[in-house]
Amino acid sequence: VFFVACSFSLFTMLGRARSALGEHNFFGLRWIIEKFNDLDVERIREVGAERACAEWVLRCGGSVRFDDGRPEVSDYNQLVEQTAQKSGTLNEKFFFLNQVRAVNACVTARGCRHFEGVTRLQDVVFSGCKNLEDDAINVMVQNVGSTLRSVEFSNCRYITQDGLRHLGKCSSLSSVILTDLPRVKEWEKLKEELKSNLPKNCEVACYPSKK
């Protein structure tokens, strides 16, 4: 019990530090950021891909929601409590992510490998993610592109038009919101390209600057 409590406390302290780290891109700090995003294969085997992905998002400062109607989770202790209530064990593998919200989080493309094995994810928001790069979109689409219903990218300084083109491979999207992405230059061209590749009922909203 003591070990588990200490682990939770350490997890919480690391979570508080990630916002400050996420604002910088110096070599040493970048190494620390990537450690937050490391893929732990043993952890996935232990708790399943859905839980491991949720832990990654929370570790980096984001929040998640599962498909059971319970409130959004933004704290690791809440995650443990919620999954334990549902399953009666801390290592339940039979629950499913519905939503991922990474707002001012230190997520990276490396961390997006956690989407592998996630099966019912519908909504994803990346906002203010200062270290997120184009390859993150490619990795996300490869793993959960067939289940996504809505995606939002805003204020992500490294995301470009080339990366966003990968969204055109998502077969079930009904909403795309793109806002304040400084490396995107041809907004109208991007919008038309996405609309031509995405389902006909998909709404694509592009805002070069914050609404």
If every non-hydrogen atom of [X] is compared with every non-hydrogen atom of [Y], which pair is closest and at what distance?
{"X": "A102", "Y": "C129", "value": "O-SG, 3.2 Å"}
{"X": "G62", "Y": "A105", "value": "N-CB, 4.1 Å"}
{"X": "C206", "Y": "P208", "value": "O-CD, 4.0 Å"}
{"X": "V141", "Y": "C170", "value": "CG2-SG, 3.8 Å"}
{"X": "V118", "Y": "C53", "value": "CG2-CB, 3.8 Å"}
{"X": "S175", "Y": "C202", "value": "N-SG, 3.7 Å"}

Under a 4.5 Å cut-off applied to non-hydrogen side-chain atoms, are [X] and [Y] in contact?
{"X": "V107", "Y": "C112", "answer": "no"}
{"X": "D123", "Y": "N98", "answer": "yes"}
{"X": "T160", "Y": "K185", "answer": "no"}
{"X": "D134", "Y": "I159", "answer": "yes"}
{"X": "W187", "Y": "L181", "answer": "yes"}
{"X": "N197", "Y": "K169", "answer": "no"}
{"X": "E193", "Y": "E186", "answer": "no"}
{"X": "L178", "Y": "L194", "answer": "yes"}

Is there a path of hydrophobic side-chain contacts, each under 4.5 Å between heavy atoms of I/L/V/M/F/W/Y residues, joining [Y] to [X]?
{"X": "V124", "Y": "V144", "result": "yes"}
{"X": "L132", "Y": "F115", "result": "yes"}
{"X": "L198", "Y": "M140", "result": "yes"}
{"X": "L121", "Y": "V139", "result": "no"}

How long is the span from the [atom1] atom in [X] to the [atom2] atom in [Y], to the nearest 0.5 Å?
{"X": "D67", "Y": "F96", "atom1": "CG", "atom2": "CZ", "value": "6.5 Å"}
{"X": "C156", "Y": "E133", "atom1": "SG", "atom2": "CD", "value": "11.5 Å"}
{"X": "R165", "Y": "I137", "atom1": "CZ", "atom2": "CD1", "value": "11.5 Å"}
{"X": "Y158", "Y": "D135", "atom1": "OH", "atom2": "CG", "value": "15.5 Å"}

Hydrogens and angles aside, do [X] and [Y] bring a side-chain donor and acceptor to less than 3.5 Å of each other?
{"X": "T119", "Y": "E50", "result": "yes"}
{"X": "E152", "Y": "S127", "result": "no"}
{"X": "T108", "Y": "N131", "result": "no"}
{"X": "S74", "Y": "S63", "result": "no"}

For this session: Tell me, yes or no, whether the heavy-atom count around E116 atom CD, taken from other residues, nucleotides or ligands under 6.0 Å, exceeds 12.
Result: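 12 or below, so no.
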Problem set entry | Whether over 12 other heavy atoms sit under 6.0 Å from E72 CD |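 Enclosed.
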Exercise. Only one of V176, L167, V184 clears side-chain contact (heavy atoms from CB on, under 4.5 Å) with F153; which?
Worked result: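 Result: among V176, L167, V184, L167 is the only option passing the side-chain contact (heavy atoms from CB on, under 4.5 Å) with F153.
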Problem set entry | Presence of salt bridge, K191 and E188, under 4.0 angstrom |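 Salt bridge absent between E188 and K191.
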Problem set entry | Pair D38 + R110, salt bridge at N-O below 4.0 Å |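 Looking at R110 together with D38, the answer is yes, because their closest N to O distance falls below 4.0 Å.
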So, [X] side chain and [Y] main chain: donor-acceptor pair closer than 3.5 Å or not?
{"X": "S172", "Y": "S146", "answer": "yes"}
{"X": "R149", "Y": "T147", "answer": "yes"}
{"X": "R183", "Y": "R157", "answer": "yes"}

